[in-house]
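First the structure, in the form of structure tokens, and then the observations on it.
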Amino acid sequence: MPIIQKAGMALFLLAIALLTAIPFMGQYRLTPQMVEEVVTDTGQLEYVSAELEEMLGKTYSSKFAYISDLDDAFSTSATKIQDYNQIDNRETEVNNLEEYMAGQYKFYLTRKATTGTIQEHTGLWLLLTIGLGTLGAFLYILPKLGLLPGIKNDHIFHSQNTGLGWIGYTIGTLLILFYVLLYWYPEYITEWMVLTDPISKRISGNEASQWFFYGLLYTLAILVMGVRMIIKYRHSRYHIIRTLSVMFFQTAFAFMIPEILIRLNQPYFDFKNIWPLNYNFFFDYNIEQFTSSGSVGLFMLIWGILLVIVAVPLFSYFYGKRWYCSWVCGCGGLAETLGDPYRQLSNKSLKAWKVERWMIHSVLVFAVVMTAGVLYTYFTGSGTFLFIDTYTLRATYGFLIGAAFAGVVGVGFYPIMGNRVWCRFGCPLAAYIGIVQRFKSRFRITTNGGQCISCGNCSTYCEMGIDVRWYAQRGQNIVRSSCVGCGVCASVCPRGVLKLENGEEEGRFGKPILIGNNSVQVFSDLDYIR
Amino acid sequence: MGIRYRHELCDRWLQSNATVQQVFSELKAASFEPEFYRKHEGEIMREFKGKFQPQQVKIRKKLFGVF
Ligand code: SF4
Ligand code: SF4
């Protein structure tokens with residue numbers, strides 16, 4: 001490894017270490033104003049402020065101590081409110097402090113109370129972590145331009161990182177930990193939000209939430225690893241254009257435009273996120289926001305519906321699943337850039353294919369039933385649909401699919417099960433587009449006659465676990481609902497056997513025929529007699 | 001780097017003793033290059049014309065590049 005790459009890797013690791021240390025470096029000071037700002041219910045405020053009295057003005061240097069005091073204060077207030085509501089001749093009713101609401105309060109109280117060096121020297125810390133990490137990554141990636149263009153996957157299974165070694169497992173564990181904190185314990189990562197405040201304030205004018213921090217990191221990962229992807233596959237114009245496309249859609253549509261909409265006092269909206277992947281599109285609070293935001297909101301609502309019923313079938317008919325999954329989608333974008341080094345880890349067994357089909361279509365059914373329930377409640381006001389409580393239904397979906405599957409498993413398992421775990425086993429939108437691609441589309445991968453030498457590169461590097469070689473050996477077109485059209489199978493083939501094509505629907509499935517120069521022929525009985 | 005052509009079509013040309021004219025008129029359809037790759041068929045035909053002055057080679061033009 002050239003010295004410059006070593007230096008880049010060292011800087012990158014240093015940046016990651018600093019980023020990991022930051023949540024332990026904050027201090028917390030709660031003021032009465034913060035409490036008033038956060039706890040908006042006046043009845044509850046009275047109880048909560050009384051319990052928080054002792055914490056006010058005190059400077060905590062340990063997050064654990066601060067949060068544990070906060071926990072105590074809130075659970076006492078909750079019991080006191082409950083006790084009060086038991087009294088028979090009470091003057092007024094105080095809203096019970098539900099667990100979910102208390103969690104929100106505690107999170108915001110931690111977020112606002114976070115001070116210390118990160119707060120005071122935000123810019124410096126931003127440079128030392130995200131800035132330094134980006135620089136280190138580029139120092140590591142750019143020297144690869146010196147290598148000859150073309151596929152180089154030497155020793156990919158010997159690597160401790162990409163071959164299920166200890167580095168891979170460590171990265172997987174860290175990613176899982178990161179997602180657990182992000183989804184369920186955001187109060188422990190408030191320093192990261194403070195860190196990205198300057199950027200957030202410049203774009204949307206607001207303080208950064210955990211989602212802003214995550215979005216920023218996500219976009220950076222796609223951009224930096226996108227550059228790597230382009231360098232790695234720079235002999236192929238298909239990959240260059242495709243990678244530029246995912247980089248563009250992530251930066252503009254997923255990251256910038258929603259934040260700018262917020263700045264303009266419009267609803268937050270990602271114009272390329274399609275239901276059922278965007279599973280809360282039809283949630284009551286979203287619909288209410290759309291319908292109460294004038295023509296812009298109405299446009300968003302109609303746009304979102306048109307994407308589902310017109311754009312998906314139409315584009316998938318002409319170009320197959322790839323127009324979305326490997327050209328536009330954010331999850332696909334991360335998989336194709338950050339996840340590219342791990343694509344060979346997808347399971348190619350028949351068993352995995354069976355599991356995949358059951359799983360992904362069950363998630364689709366789950367998403368449809370959940371959304372139907374939510375809409376039923378929205379229109380009729382009744383909380384039960386098919387004997388199920390719709391609120392529980394949507395909370396379960398959000399927890400199991402939206403957070404645990406898409407985030408924790410989807411990205412956390414990159415170094416263990418390949419980069420498309422979510423897209424392959426869990427994404428309801430992929431299931432929907434997959435049905436279109438399988439039954440009504442012009443897309444297929446064609447195989448060029450008897451050129452295949454059965455090396456198996458195509459199957460190895462298929463991130464969706466499709467056994468491409470099985471088709472290539474038989475000279476049969478590859479028409480599979482899961483194929484995201486990434487084009488890597490075609491690029492790694494040493495014989496140029498595979499080609500992604502859109503063509504006439506007729507003959508799309510192709511007959512499994514070997515075409516060699518007279519090497520293999522199919523004789524009918526008549527041919528023998530003659 | 002090589003140029004990729006469809007095995008099936010090349011095989012048919014060989015089997016049917018296709019003439020150069022016939023091959024050239026189908027050359028574009030025979031290309032097996034990945035999408036977005038630069039196509040070389042035009043260049044090949046120009047070169048060939050320049051060197052050998054063959055009889056008229058007709059290429060079926062696609063309407064809007066689709067039909
Ligand atoms: S079959 Fe090829 S194009 Fe389709 S997902 Fe697998 S590697 Fe990508
Ligand atoms: S990579 Fe090409 S030659 Fe190798 S098995 Fe696949 S289609 Fe055949």
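Letters go in sequence order (proteins before strands), and every chain restarts at 1. What you see is a predicted model, and the numbers here were worked out from it, not measured in a lab.
Of all heavy-atom pairs between B:Y37 and A:H235, the closest is OH-O, 3.4 Å. Here the closest heavy-atom approach between residue A:T447 and residue B:F32 is recorded as C-CZ, 4.2 Å. A pairwise comparison of heavy atoms in A:K499 and B:R6 identifies NZ-NH2, 3.9 Å as the closest pair.
Sorted by first then second residue, the side-chain hydrogen bond (donor to acceptor under 3.5 Å, both in side chains) pairs that include residues 484-494 of chain A, not counting sequence neighbours, are A:H239-A:S491.
Using the six-membered ring where Trp is involved, A:W327 and B:F36 have ring planes that are tilted, between 30° and 60° apart.
Rounded to the nearest 0.5 angstrom, A:Y238 OH and B:E33 CD are separated by 15.5 Å.
A:L498 touches chain B through its backbone: at least one of N, CA, C or O sits under 4.5 Å from a heavy atom, while the side chain does not. In this structure, chain B has heavy atoms under 4.5 Å from both the backbone and the side chain of A:L500.
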For a quick test of your reading: what N or O donor-acceptor pairs under 3.5 Å do the side chains of residues 141-153 of chain A make, sequence neighbours left out?
| unit_1 | atom_1 | unit_2 | atom_2 | d |
| --- | --- | --- | --- | --- |
| A:K152 | NZ | A:L148 | O | 2.8 |
| A:N153 | OD1 | A:K232 | NZ | 3.2 |

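The side-chain contact (heavy atoms from CB on, under 4.5 Å) search around A:S441 returns A:F443, A:R508, not counting sequence neighbours.
Of the charged side-chain nitrogens involved, none lies within less than 4.0 Å of a carboxylate oxygen, so that B:E35 and A:R242 do not count as a salt-bridged pair.
Residues of residues 478-488 of chain A never come closer than 4.5 Å to chain B when only heavy atoms are counted.
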